[in-house]
Amino acid sequence: MAGPSIDALGQFSLTTGLGPIGRALNFTNSNEAMLAAAVIIVVLFAIGLKAKALVPGRIQALVEVLYEFVHRMCVDTIGEEGKRFFPLVFTIFSFILLGNLIGLFPYFFAFTSHIAVTLALALFVFVFSTGVGFYTHGFGFLKFFVPEGVPGWLLPLLIPIEIISYLSRPVSLSVRLFANMTAGHVMWEVFAGFMLLLTAGLGVFGAIASIVPLGLNVALAALELLVAGLQAYVFAILTCLYLHDAVHMH
Amino acid sequence: MRRLSTALLLALVPSVALADGEMPQMDFSNPLTLDQVSWMAVILVVLYLVLARWGLPQIGKVLENRAAIIARDLAAARAAKQEADRAVALLTATLSSARANAQAEVAKAVADAKADAAAKAAALSAALDAKLAESEARIDAARNAAMAAIKPVASEAAGEMLLKLTGSVPAQEELVRCVEDALAVRKAA
């Protein structure tokens with residue numbers, strides 16, 4: 001193929017970041033983005049907490065809105081016990097949200113598009129909520145896999161189904177986030193690549209025709225902004241749901 | 001839209017993207033793929049500790065503080081409103097009692113004035129009646145006096161006329177009686 005080609009997946013390849021130190025410690029470019037996300041969150045809190053005003057300024061209002069949003073999500077979904085898990089859910093939510101958002105900027109790495117990252121997060125949520133279930137109910141938590149009000153002869157069929165659906169939670173949780181972020185970024189890259197291919201192949205007419213993929217990318221940018229917020233919310237609310245199951249067993 | 005973009009991706013990926021090679025996300029032979037997870041664990045633990053120990057409790061305190069202040073102000077406003085309501089009720093009661101008092105005063109004044117006027121009118125008419133009666137009595141007395149004075153003159157004139165006409169004079173008592181009868185008849189007529 002002559003001229004430029006579309007390398008839609010190159011944006012996901014891992015390199016080391018932070019110069020020689022990163023090379024020595026295997027600190028990757030995705031870790032750079034994670035660090036940036038964490039630093040942005042902490043800086044937002046630092047600015048928002050500077051005044052502690054009765055009538056908040058912009059940054060304080062932003063931090064308060066985030067706090068109340070996640071806090072309400074925890075209490076509404078898990079119940080009063082949700083307050084104990086609130087810092088954890090907030091950390092996960094803000095980390096994924098900031099990761100999704102800064103991944104939308106050029107030259108920033110979208111670490112939530114890596115299945116290893118999302119699977120690690122999902123496995124942590126899975127193991128943690130299962131641990132909470134056993135911690136709260138002891139071995140009685142195993143009754144969670146026995147659906148209520150079902151005739152006994154169906155149980156040998158239903159219990160394996162329940163267990164399989166429970167075990168598939170981390171898979172669906174991680175693949176949902178990973179696939180959404182990957183798909184969006186690949187689409188972007190592909191349409192941008194179309195613009196180069198059109199210009200290289202058709203000259204001036206191709207450059208004018210490139211306005212179509214450019215417009216599509218503008219629309220995609222809006223969609224990706226929505227997806228970035230939505231997927232972070234979905235991850236957090238499912239975390240809350242799993243914790244609810246662990247605490248209440250139904 | 002998401003489903004559409006996913007479908008588009010599925011249509012495009014085999015022809016365009018995967019033509020260049022495998023997805024870096026699936027390349028688990030690259031040590032960086034798993035090493036990023038360890039570093040993420042470090043970053044997340046630090047972030048969790050910072051948020052849970054430092055950031056979130058302070059935001060929670062700010063929000064609690066604001067809720068408390070709002071609740072306090074609302075309670076104060078409610079108390080002030082009750083106070084105002086009470087004052088308004090007091091004002092209304094005072095106003096209505098004052099109005100009732102004033103109406104009673106006015107009614108009493110009107111009644112007094114009416115009674116006064118009636119008494120004065122009665123006194124006046126009594127005085128007038130008395131004067132009238134007195135006048136009538138005086139008139140009667142004058143008339144009676146006049147009548148009494150006319151009787152001897154009339155009987156004398158009648159005696160003279162009878163003397164001239166007949167030449168004889170009846171007894172004095174009879175003459176007086178006839179004259180009285182005639183006067184009575186005249187008076188009755």
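In what follows, chains are A, B, ... by sequence order, proteins preceding strands, each numbered from 1. FYI, side chains are in, hydrogens and waters are out, and symmetry mates aren't considered; it's all heavy atoms of this structure.
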Validation row: [X], [Y] side chains within 4.5 angstrom (heavy atoms):
X	Y	answer
B:Pro24	A:Leu14	no
A:Thr28	B:Trp39	no
A:Tyr67	B:Leu51	no
A:Glu64	B:Arg66	yes
A:Ser30	B:Leu32	no

>> For a quick test of reading the model, state the closest non-hydrogen atom pair linking A:Ala38 to B:Leu47 and the distance between them.
In response: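 Taking A:Ala38 first and B:Leu47 second, the nearest heavy atoms are O-CD1, 3.9 Å.
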> Which pair of heavy atoms, one from B:Val62 and one from A:Gln60, lies closest together, and at what distance?
Replying inline: CG1-NE2, 3.6 Å
Name the region of [X], side chain, backbone, both or neither, that has any atom closer than 4.5 Å to a heavy atom of chain B.
X	value
A:Leu119	neither
A:Phe124	neither
A:Ile115	both

Nearest-0.5 Å distance, [atom1] of residue [X] to [atom2] of residue [Y]:
X	Y	atom1	atom2	answer
A:Leu25	B:Ser38	CG	OG	11.5 Å
B:Leu56	A:Phe86	CG	CZ	4.5 Å
B:Met23	A:Phe12	CE	CZ	6.5 Å
B:Leu44	A:Met34	CG	CE	8.0 Å
A:His114	B:Gln25	NE2	CD	4.5 Å

> Does the side chain to side chain contact (heavy atoms under 4.5 Å, CB included) test come out yes or no for A:Phe27 and B:Gln36, once each step is laid out?
Replying inline: CA-CA 7 Å; A:Phe27 194 89; B:Gln36 65 173 342; over 6 Å; no
Considering residues, nucleotides and ligands other than [X], do more than 12 of their heavy atoms fall under 6.0 Å from its [atom1]?
X	atom1	answer
A:Glu68	CD	yes
A:Phe69	CZ	yes
A:Ile21	CD1	no
A:Leu202	CG	yes

Between [options], which residue shows the highest count of heavy-atom pairs closer than 4.5 Å to chain B?
options	answer
A:Gly10, A:Ala37, A:Pro87, A:Ala46	A:Pro87
A:Leu49, A:Leu35, A:Val117, A:Leu121	A:Leu49
A:Ser94, A:Gly48, A:Ala120, A:Pro56	A:Pro56

>> Can you tell me which of B:Asn65, B:Leu63, B:Val37, B:Val50 forms the most heavy-atom pairs within a distance under 4.5 Å of chain A?
In response: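 Most pairs with chain A among the choices: B:Leu63.
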> Is B:Asp35 reaching over with its side chain to a backbone N or O of A:Asn26, donor-acceptor style, under 3.5 angstrom?
Replying inline: no
> When the ring planes of B:Trp54 and A:Phe45 are compared, do they come out parallel, tilted or perpendicular, using 30° and 60° as the limits?
Replying inline: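 Taking A:Phe45 first and then B:Trp54, their aromatic rings sit tilted (interplane angle of 30° to 60°).
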